[in-house]
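Chain letters run A, B, ... following the sequence lines, proteins first and then strands; every chain starts at 1. Remember, predicted model here, so these are calculated numbers, not experimental data.
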Protein chains: 4
Amino acid sequence: MTEPPTARKGRPRSADADRAILAATRAALAELGWGGLTMGDVATRAGVAKTTLYRRWPSKNELVVDAVAVLFDELAMADLGSLRADIEAVVRQFAGLLAQPESQAALLALFAEASRDPALRLRVRESIIDPQKELVRLGRAAAQARGELAADTSPEAACEDIDIIFDTIAGAVEHRMLVSGEPASPAWISRFTTLLLTPLTS
Amino acid sequence: MTEPPTARKGRPRSADADRAILAATRAALAELGWGGLTMGDVATRAGVAKTTLYRRWPSKNELVVDAVAVLFDELAMADLGSLRADIEAVVRQFAGLLAQPESQAALLALFAEASRDPALRLRVRESIIDPQKELVRLGRAAAQARGELAADTSPEAACEDIDIIFDTIAGAVEHRMLVSGEPASPAWISRFTTLLLTPLTS
Amino acid sequence: MTEPPTARKGRPRSADADRAILAATRAALAELGWGGLTMGDVATRAGVAKTTLYRRWPSKNELVVDAVAVLFDELAMADLGSLRADIEAVVRQFAGLLAQPESQAALLALFAEASRDPALRLRVRESIIDPQKELVRLGRAAAQARGELAADTSPEAACEDIDIIFDTIAGAVEHRMLVSGEPASPAWISRFTTLLLTPLTS
Amino acid sequence: MTEPPTARKGRPRSADADRAILAATRAALAELGWGGLTMGDVATRAGVAKTTLYRRWPSKNELVVDAVAVLFDELAMADLGSLRADIEAVVRQFAGLLAQPESQAALLALFAEASRDPALRLRVRESIIDPQKELVRLGRAAAQARGELAADTSPEAACEDIDIIFDTIAGAVEHRMLVSGEPASPAWISRFTTLLLTPLTS
DNA sequence: GCCTAATCGAGACGGTACGTCGGGTCTTTGG
DNA sequence: CCAAAGACCCGACGTACCGTCTCGATTAGGC
């Protein structure tokens, strides 16, 4: 095994550069939006040459995915003792994310690009979608452990349940905040949670 | 009465050109996607000079809104006799729309741009969002007439109800089809309708 | 003889328009130079539609020829009693013409265009060159009548003489004023006349 | 000593590109004339991006000056032993230059533009006018050395003499070839030289 | 006193070139 | 081997004029 790929010849890549580039990307995104973001501008903000940027990311899209992905790392499933509390918490977290200009500017644009580019779609899925979906999975398991939800009848059905719940939550929040352009107020979150909770528990 | 401004000076704008441009835009959109769509290309396809195009639409965004808007005109609320049937019909129609490459390519990109440009947002809302929301409103009214739903307690609450239902339907379908990239099969539509129907009728 | 083509059917062309257009052309020429002159601008200045302009002149070039030609109509050969005085007068008149911004801006550009366009060249020759050359011819005849110059030995030789004198006078004045960019002061005119007179009278 | 700015950062500009662009400009000029010359076309012919072209020359005018200037470098003053021979040689060289399509197409147009643009005028003067005028200066000095011409009485007078001779030679040849459109035949050159020589030597 | 026909203004039309900008690559010098 | 700098090719942008066209509205003669 050629285990440690750390020891390479020549000058090693600067880890500072990576951080600076991602931070610059987020800043530019928040400031100028997706359309106004240019590679040259990001490079300048990061105090880095364009070459350095392209050495690490093949294109603007991949760069933005990575830059925004870290924002989704803070999503977490805290078992709050009831399904309603858990759902509300998840919705609130996701809404909080979409309230940030960076993710606001990036998310829909990224989805739009991804709908044409399979490689990007994969990357988006791994970095952005899956972490969110995992939350739904965990919440469901916790509710089952608590006895609020029935146990899985089959893995396929479980998977479908999770998918439909996930698409509904993510879609509704995104649509409200990014398309309708209205905030996800606590009242709205509460009403939406009720909407979601009723069929699950009845 | 404000005199109809039909009698204007100079050569009138060609209505043929308008139609050709919008058709060319839809074709290019379906073929090349949002990112690949070029004003010059649209002009060429439409057999029109770029100038003519810019005389009518200030930018790519507005053009695409108008080009795609007609697709949403076919949405209709047919009173099918039951709330479930009506919801399923609406979801199916919307899913059918999003299955077309033109709208697929345009919708997310348009939403993304609109989140930065208030004028565009207004245009999107009028041409695309409102016609959809109207369907929800009509379906609700029909269900109330049938006695399936309780009458409005207050106009504000009614409005909020419609908003939340609308965001949920639109968001979920969009997210499933455009982000998750999976089709809205009859089975999925049925399950989603159930999810939606339960809290409404319980 | 179908002499008077003046009587035509339909609305006659406005003579005012012609005058306004030519004046506007000269004004635009003096203000913006050849490169800055546009048909649309001339039309606007003249308070006339572009169509009206193109109905009369096929292109910018022909228009400018006509607009500038009238300036050359004021050239005249006044028999002042001596060859020197006559030459000086001609040079002075031509220099005066080239001191006007209109002709300054138009002349070289017109010559440049004409070197590629035979039709334009003909028009330039008739409207601009020939009137000038006529002066040389008249001056020569006057000097011969006075006995200052020998009579023609042959028509061909006379013609060659006139050509060479004309090219020398016109070329030198143009080059001094338009290329070297220095004024044709009385002193310069006097020196140049001497230069020209010596070989003619010796 | 100002440090030679040879050691610069970044990729150096390609000297090949410069040569290719200037050659392409001359070719396009000879083929299409001044009016038909397009920046895009020049770039294509040179196998170069438009950007590269604009990086070096701010506009068509400056580019053409540089492209044509090299043609004037071949002008030389060969001391042929007599003033007449020297003048004839100079006139012949200049006529030869104006017989080339490139310079024919460029010269008058350039002069026309320069009459409105001081910066361009300076550039024209340095690249095109001065090399020619130098020939007159040298010829005069040689003739003085030979004793054919009297020595300078004063620097100013010498300068004025040179100017007037230069404007006359250049103007006459240009006017004959480019405006009258007739060739500078050996006979014409001989006659013109006589015209010029008489006042100088009498 | 209409009719006919060419003119007028206005402005949209299909084109072509413009000069700029961003994307992504390549070639330098220097670490 | 990497980094900074910047030149490179490419292709789209939105604009400006070109010269042509289609309008509705005039403005003369000729009947």
Which residues pass the side chain to side chain donor-acceptor pair (under 3.5 Å) test with [X], not counting sequence neighbours?
X: D:Arg13; result: none
X: B:Gln104; result: none
X: C:Arg45; result: C:Glu31, C:Asp41

Without decimals, in angstroms, what is the distance between [X] [atom1] and [N] [atom2]?
X: A:Glu62; N: E:dG23; atom1: CD; atom2: C1'; result: 14 Å
X: C:Leu32; N: F:dA16; atom1: CG; atom2: C1'; result: 14 Å
X: B:Asp16; N: F:dC21; atom1: CG; atom2: P; result: 18 Å
X: C:Lys9; N: E:dA5; atom1: NZ; atom2: P; result: 5 Å
X: C:Arg11; N: F:dG30; atom1: CZ; atom2: P; result: 17 Å

C:Asp66 side chain near C:Arg56 side chain, heavy-atom distance below 4.5 Å: no
Which residues share a side chain to side chain contact (heavy atoms under 4.5 Å, CB included) with C:Thr51, sequence neighbours left out: C:Ala49, C:Arg55
Sub-4.0 Å heavy-atom contacts from residues 34-60 of chain D onto DNA chain F, ordered by number: D:Gly47, D:Val48, D:Ala49, D:Thr51, D:Thr52, D:Arg55, D:Arg56
Separation of D:Asn61 CG from D:Arg121 CZ (nearest 0.5 Å): 13.0 Å
D:Asp16 backbone acceptor or donor facing D:Ser14 side chain under 3.5 Å: yes
Intermediate values then yes/no, side-chain contact (heavy atoms from CB on, under 4.5 Å), D:Trp34 and D:Leu110: CA-CA 9 Å; D:Trp34 171 272; D:Leu110 227 33; 3.8 Å; yes
Between the first and last five pairs of the helix from E:dG1-F:dC31 to E:dG31-F:dC1, the angle of the axes, rounded to 10 degrees: 10°
Phosphate contact (E:dT7 OP1 or OP2) by C:Arg13 side-chain N/O below 4.0 Å: yes
5'-most by nearest nucleotide on DNA chain F - D:Ser14 or B:Pro12: D:Ser14
